[in-house]
Amino acid sequence: MVRIILAIVVIVLSSYRLITESKTDLMPYCMFFLGTLILVIGLAELQKDRKGFVDI
């Protein structure tokens with residue numbers, strides 16, 4: 001649920017920035033939410049005990 005909300009926030013902020021062509025207004029917020037999204041996805045993968053893509 002958290003991943004979906006964070007993904008939507010990142011998409012909305014990025015789309016708004018792309019449409020309005022603002023240079024620096026929303027960039028820190030977009031980067032913060034993108035980093036938080038990556039952290040949440042990483043924690044979810046660690047809980048599933050998936051360390052990588054290839055099992056050797």
Side-chain angles (χ1 to χ4, degrees):
M1 185 69 179
V2 175
R3 287 186 290 182
I4 294 171
I5 293 171
L6 286 172
I8 290 171
V9 169
V10 169
I11 290 171
V12 167
L13 286 175
S14 300
S15 300
Y16 178 76
R17 185 174 176 268
L18 185 63
I19 291 171
T20 61
E21 296 179 2
S22 64
K23 301 294 183 210
T24 58
D25 293 343
L26 298 175
M27 182 60 88
Y29 301 111
C30 187
M31 289 294 120
F32 172 75
F33 285 115
L34 188 58
T36 307
L37 176 63
I38 292 171
L39 179 67
V40 168
I41 290 172
L43 290 175
E45 291 296 318
L46 281 176
Q47 285 181 346
K48 291 179 185 176
D49 238 0
R50 294 167 64 181
K51 302 284 191 256
F53 293 109
V54 179
D55 290 332
I56 297 175

message: With clusters defined by side-chain heavy atoms of hydrophobic residues (ILVMFWY) lying less than 4.5 Å apart, directly or transitively, does Tyr29 cluster with Val2?
response: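 Yes, Val2 and Tyr29 fall within the same hydrophobic cluster.
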- request: Verify the cluster assignment for Leu34 and Met27: are they in a single hydrophobic cluster under the rule of side-chain heavy atoms below 4.5 Å apart?
  value: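 In one cluster with Leu34: Met27, yes.
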message: Applying side-chain contact (heavy atoms from CB on, under 4.5 Å), can you list everything that pairs with Phe32, at least two apart in sequence or on another chain?
response: Thr36
For residues 3-15, tabulate all N or O donor-acceptor pairs below 3.5 Å that involve a side-chain atom, not counting sequence neighbours.
from: Ser14; atom 1: OG; to: Val10; atom 2: O; distance (Å): 2.9
from: Ser15; atom 1: OG; to: Ile11; atom 2: O; distance (Å): 2.7

